[in-house]
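Report on the structure given below.
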Amino acid sequence: MSTPKAQRRPTPGSEARKIRVLIVDDHPIVRRGIVAMINQDPGLEVCGEAEGYHEGLDLIRKVNPDLAIIDLTLPDISGLELVKQVKAIAPTMPMLVLSMHEETLYAERVLRAGARGYIMKQEGTEKLIDAIAAVMRGDIYVSEKMASRMLGKLVDGKKGTGTSPLERLSDRELEVFELLGRGLGTREVAERLCVSIKTIESHREHIKEKLQLKNATELVQHATQWVMSQMTDGREEK
């Protein structure tokens, strides 16, 4: 739901103080590319880089950026949880999620969590700068396709009727599903999320029920196939 570039607040290309941007992404090559894009704009500057949730949260507290750009998939705790935590400690700080994950599944989740925009990593430099400008002036930024989809659901008065069964999962269930698909066992997922094994087992049961999967083997196979498809789609779209 982006709007024209006019009336930016101070925004890229303006003569006002540069917008200080912090980037949280665990891939050094991706971060370098984003840093280069941002620093080329005279109205922007990168004020910090972090690889994961804990480092990102500490850095946000220390440097107090004007904007945080956050990847969803981080090595310790998910970017979605980071968005929620930043919203709790710095409710006025704009956040933009930049991710390879499918927009239809995650865009609404990150907006509900407190982010102001969602953009796919394969978008070009101009789209990223437009997204930054939009969230800095107080707008919501998603693709035109996603904006139309969200408005359609609002007009129809429907909720959770998307094309993917995964939309039925809660944020935490989706996180557990992804970690299982990345090869982590129940104990490892529990340790990663700092919860009990019993809690993860409960999440697994709810996921199986919502996705109509018969057993644990089907759950892991389904999760693995989904994670692989996400990785493949991300490479193809780049």
Side-chain angles (χ1 to χ4, degrees), residues 24-27 30 50-58 60 68-89 95-121 142 146 159-160 162-213 215-234:
V24 185
D25 192 299
D26 66 325
H27 294 94
V30 173
E51 293 186 356
Y53 173 96
H54 296 292
E55 183 184 4
L57 193 58
D58 289 343
I60 285 171
I69 296 179
I70 299 171
D71 186 16
L72 276 181
T73 303
L74 300 175
D76 41 12
I77 301 176
S78 77
L80 186 59
E81 290 301 313
L82 178 57
V83 169
K84 293 177 181 178
Q85 184 61 29
V86 173
K87 182 65 176 178
I89 65 172
M95 290 175 281
L96 175 65
V97 170
L98 179 67
S99 177
M100 62 172 280
H101 288 293
E102 58 181 289
E103 186 181 38
T104 55
L105 184 58
Y106 281 99
E108 291 184 66
R109 292 176 189 269
V110 301
L111 295 179
R112 288 195 299 267
R116 299 294 299 177
Y118 189 98
I119 182 171
M120 300 289 286
K121 282 187 174 181
V142 294
M146 190 64 205
K159 182 178 180 181
T163 57
S164 173
L166 294 180
E167 292 187 37
R168 304 183 193 126
L169 303 183
S170 68
D171 292 345
R172 180 47 62 93
E173 288 166 355
L174 184 58
E175 185 175 13
V176 170
F177 183 76
E178 180 177 353
L179 291 174
L180 292 173
R182 292 181 180 276
L184 276 68
T186 299
R187 181 180 296 277
E188 293 172 300
V189 174
E191 292 174 353
R192 172 75 69 89
L193 300 182
C194 300
V195 297
S196 69
I197 293 177
K198 185 176 181 180
T199 297
I200 299 303
E201 290 174 343
S202 177
H203 285 316
R204 289 176 61 121
E205 290 302 313
H206 291 153
I207 294 169
K208 286 192 294 182
E209 181 180 348
K210 290 180 179 180
L211 301 186
Q212 298 181 341
L213 301 173
N215 50 48
T217 300
E218 278 196 7
L219 170 58
V220 172
Q221 290 176 342
H222 198 70
T224 302
Q225 290 171 357
W226 179 74
V227 167
M228 292 300 295
S229 71
Q230 291 287 291
M231 296 173 64
T232 301
D233 290 346

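Residue indices begin at 1 and follow the sequence shown.
The side-chain hydrogen bond (donor to acceptor under 3.5 Å, both in side chains) check on Ser196 picks up Thr199, with sequence neighbours excluded. Partners of Glu51 according to the side-chain hydrogen bond (donor to acceptor under 3.5 Å, both in side chains) rule, which considers only residues two or more places apart in sequence or in another chain, do not exist here. Partners of Tyr118 under the ring pair (Phe, Tyr, Trp, His ring centres under 6.0 Å) rule, at least two apart in sequence or in another chain, do not exist in this structure. For Glu218, the side chain to side chain contact (heavy atoms under 4.5 Å, CB included) partners at least two apart in sequence or on another chain are Leu213, Lys214, Asn215. In terms of the side chain to side chain contact (heavy atoms under 4.5 Å, CB included) criterion, residue partners of Arg172 (sequence neighbours excluded) are, by chain and number, Glu81, Ser170, Glu175, Val176, Leu193, Val195, His203. Residues satisfying the side chain to side chain contact (heavy atoms under 4.5 Å, CB included) test with Gln85, not counting sequence neighbours, are Tyr53, Leu57, Arg61, Ile89. For Thr224, the side chain to side chain contact (heavy atoms under 4.5 Å, CB included) test picks out Val220, Met228, with sequence neighbours left out. Applying the side-chain hydrogen bond (donor to acceptor under 3.5 Å, both in side chains) criterion to Asp171, with sequence neighbours excluded, gives Lys84, Arg109.
Rounded to the nearest 0.5 Å, atoms CG (Asp25) and OG1 (Thr73) are 9.0 Å apart. Distance CE/Met95 to CD1/Ile69: 12.5 Å, rounded to 0.5 Å. Here Thr186 contributes atom OG1 and Leu180 contributes atom CG; the two are 6.5 Å apart, rounded to the nearest 0.5 Å. We find the CE-CE distance between Met120 and Met146 to be 11.0 Å, quoted to the nearest 0.5 Å. Rounding to the nearest 0.5 Å places CG of Leu96 at 11.5 Å from CZ of Arg116. In this structure, CG on Leu166 lies 5.5 Å from CG on Leu105, to the nearest 0.5 angstrom.
The local environment of NE2 in His54 is crowded, with over 12 non-hydrogen atoms from other residues, nucleotides or ligands closer than 6.0 Å.
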Next on the checklist: Trp226 vs Leu211, test: side-chain contact (heavy atoms from CB on, under 4.5 Å). Steps then yes/no.
Outcome noted: CA-CA 13 Å; Trp226 179 74; Leu211 301 186; over 6 Å; no
Next on the checklist: The test is side-chain contact (heavy atoms from CB on, under 4.5 Å); show your working for Val142 and Leu111 and say whether it passes.
Outcome noted: CA-CA 10 Å; Val142 294; Leu111 295 179; 4.1 Å; yes
Checklist entry - Can Phe177 and Val227 be said to form a side-chain contact (heavy atoms from CB on, under 4.5 Å), step by step? => result CA-CA 9 Å; Phe177 183 76; Val227 167; over 6 Å; no
Next on the checklist: The test is side-chain contact (heavy atoms from CB on, under 4.5 Å); show your working for Val24 and Asp71 and say whether it passes.
Outcome noted: CA-CA 6 Å; Val24 185; Asp71 186 16; over 6 Å; no
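The pair Glu188-Arg192 does not count as a salt bridge, with every side-chain nitrogen at least 4.0 angstrom from each carboxylate oxygen.
The shortest side-chain heavy-atom distance between Leu169 and Ile207 falls under the 4.5 Å cut-off. Within the 4.5 Å cutoff, the side chain of Gln225 has no heavy atoms near those of the Ser229 side chain.
Using cut-offs of 30° and 60° on the angle between ring planes, the pair His101 and Tyr106 is tilted.
Nearest heavy-atom pair across Ala113 and Leu80 is CB-CD1, 3.7 Å.
Residue pairs satisfying the salt bridge (Lys or Arg N to Asp or Glu O under 4.0 Å) criterion with at least one member in residues 199-212, sequence neighbours excluded, are listed as follows: Glu173-Lys210, Glu205-Lys208.
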